[in-house]
Amino acid sequence: MSTIFARIIAGEAPATIVYKDDLVTAFKDIRPLAPVHILIVPNKEIPTVDDVTADDEAMMGRMFTAARKIARDMGIAESGYRLLVNCRDNGGQEVYHLHMHLLGGRRLGPMLARRD
Ligand code: AMP
């Protein structure tokens, strides 16, 4: 079943697109958690990172090279950034179309808060 991200990629829903090529599309997160918060999304509909196959390896590599290019374009390459992929319920995934978060522009703190 298509998600909002498929409609954004198809140009049927609004988004601020910052990068697009034959394999991935990147746009600004609508509820940013950092000064720079971009979502890098495969053009092909894949629900979760647990659904990728060997056929998707080129696309997955492109997600990283696109992230690197966007980080440079947005001036956060030197200060640093975080790439993050959530998977299913325990991973906190809300939108079931694979995506990588690119976060930066401030010190992000520890990756996970300790619960004890
Ligand atoms: P996740 O929890 O990893 O599935 O993250 C989903 C992300 O998608 C959240 O950070 C949302 O703010 C973001 N999001 C949801 N709908 C939209 C939208 N229409 N445009 C841009 N970002 C969105």
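In each ligand, atom 1 is the first atom listed, and ligand 1 is the first ligand listed.
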For this session: Return the residue, atom name and 0.1 Å-rounded distance of the protein heavy atom closest to atom 8 (O) of ligand 1.
Result: F5 CZ, 3.4 Å

For this session: Would you mind listing which atoms of ligand 1 come within a distance below 4.0 Å of any non-hydrogen atom of K28?
Result: 21 (C)

For this session: Mark up the atoms of ligand 1 that fall under 4.0 Å of a heavy atom belonging to L39, in ascending order.
Result: 8 (O), 13 (C), 22 (N)

For this session: Return yes when atom NZ of K20 has more than 12 non-hydrogen atoms of other residues, nucleotides or ligands closer than 6.0 Å, and no otherwise.
Result: yes

For this session: Consider every N or O of N86 and every N or O of ligand 1, then say whether any pair is closer than 3.5 Å.
Result: yes

Seminar exercise, completed: Between I70 and A26, the two heavy atoms sitting closest are CD1-CB, 3.5 Å

Exercise. Hey, is CZ on R106 packed in by over 12 heavy atoms from elsewhere, all under 6.0 Å?
Worked result: yes

Problem set entry | Within-cut-off N or O pair, I8 and ligand 1, under 3.5 Å | no

Problem set entry | Check: N43 side chain, D22 main-chain N or O, donor-acceptor pair, under 3.5 Å | yes

Exercise. What is the minimum heavy-atom distance between Y81 and R68, and which atoms define it?
Worked result: OH-CA, 4.0 Å

Exercise. Taking the minimum heavy-atom distance to atom 20 (N) of ligand 1, which of I30, V85, L98, T3 ranks first?
Worked result: I30

Exercise. Do other residues, nucleotides or ligands put more than 12 heavy atoms under 6.0 Å from the CD atom of E78?
Worked result: no

Exercise. What protein heavy atom is closest to atom 7 (C) of ligand 1, reported as residue, atom name and distance in Å?
Worked result: D29 OD2, 3.5 Å

Exercise. Does any N or O atom in H101 lie less than 3.5 angstrom from one in ligand 1, N or O only?
Worked result: yes

Problem set entry | atom 2 (O) of ligand 1 - nearest protein heavy atom and its distance | G92 O, 2.9 Å

Exercise. Any N or O of F27 that comes nearer than 3.5 Å to an N or O of ligand 1?
Worked result: no

For this session: Show which atoms of ligand 1 fall inside a sub-4.0 Å distance from at least one heavy-atom site of E94.
Result: 1 (P), 2 (O), 4 (O)

Problem set entry | Shortest non-hydrogen contact from H97 toward K44 | NE2-O, 3.4 Å

Exercise. For the residue pair R7 and S2, what are the closest heavy atoms and their distance?
Worked result: NH1-O, 4.2 Å

Problem set entry | Any N or O of I4 closer than 3.5 Å to N or O of ligand 1 | no

Seminar exercise, completed: Heavy-atom proximity to atom 6 (C) of ligand 1 ranks first, among H97, H99, R31, for H99

Problem set entry | Heavy-atom pair with the smallest gap, counting every atom of E94 and R31 | OE1-NH2, 3.1 Å

